[in-house]
Q: 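Below you will find the structure I want to go over with you.
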Amino acid sequence: MDSNSSPGASLKKAYDALGANTSIVADTLDLLRDANRKNKFGSDYTRASVYAVINGRMENSVVAEAFLQAVDTELARRDRIKARAEALAAKAAA
């Protein structure tokens, strides 16, 4: 498997696609805390561990799954905002 097809590369692409001003890492940590997920040492996950998974320096399916869930939630939120803005613009133009 080359580096461009690794899970980390796909996570990094998803992260980059969200843009610079995003709370996706904080949202991922919130999901992990809400699910009471701990690392192998029994501690809460850190921002560094989330970034390590995103950047492919560490493999952790729990963090990756929480990150993907946070990305899904953020993209759905953006779609709802876009649809609402388009509906309001059409209503204002009518």
Q: Applying a strict under-4.5 Å side-chain criterion to I, L, V, M, F, W and Y, I'd like to know whether Ile54 and Leu68 cluster together.
A: yes

Q: With distance as the sole test, does Asn55 use its side chain to make a donor-acceptor pair with the main-chain N or O of Arg57 at under 3.5 Å?
A: no

Q: Same cluster for Val53 and Tyr51 if Ile/Leu/Val/Met/Phe/Trp/Tyr side chains link at under 4.5 Å?
A: yes

Q: Mind checking whether Ile24 and Leu29 sit in one hydrophobic cluster, side chains of I, L, V, M, F, W, Y counted as touching below 4.5 Å?
A: yes

Q: Sort and list the pairs that fulfil side-chain hydrogen bond (donor to acceptor under 3.5 Å, both in side chains) and have at least one residue in residues 74-84, not counting sequence neighbours.
A: Glu74-Arg77, Glu74-Arg78

Q: Nearest heavy-atom pair of Ser49 and Val63: which atoms, and what distance?
A: O-CG1, 4.5 Å

Q: Among all residues two or more places apart in sequence or in another chain, which pass the side chain to side chain donor-acceptor pair (under 3.5 Å) test with Asp72?
A: none

Q: Please walk me through it: do Val25 and Phe67 pass side chain to side chain contact (heavy atoms under 4.5 Å, CB included)?
A: CA-CA 7 Å; Val25 172; Phe67 172 74; 5.7 Å; no

Q: Does anything in residues 20-38 form a salt bridge (Lys or Arg N to Asp or Glu O under 4.0 Å)? List the pairs, not counting sequence neighbours.
A: Asp30-Arg33, Lys38-Asp44

Q: Can you list the residues that meet the side chain to side chain contact (heavy atoms under 4.5 Å, CB included) rule with Ala48, with sequence neighbours excluded?
A: Thr46

Q: Can you list the residues that meet the side chain to side chain contact (heavy atoms under 4.5 Å, CB included) rule with Leu75, with sequence neighbours excluded?
A: Leu18, Val71

Q: What closest approach, in Å, do Ala70 and Thr28 show between heavy atoms, and which atom pair accounts for it?
A: CB-OG1, 3.6 Å

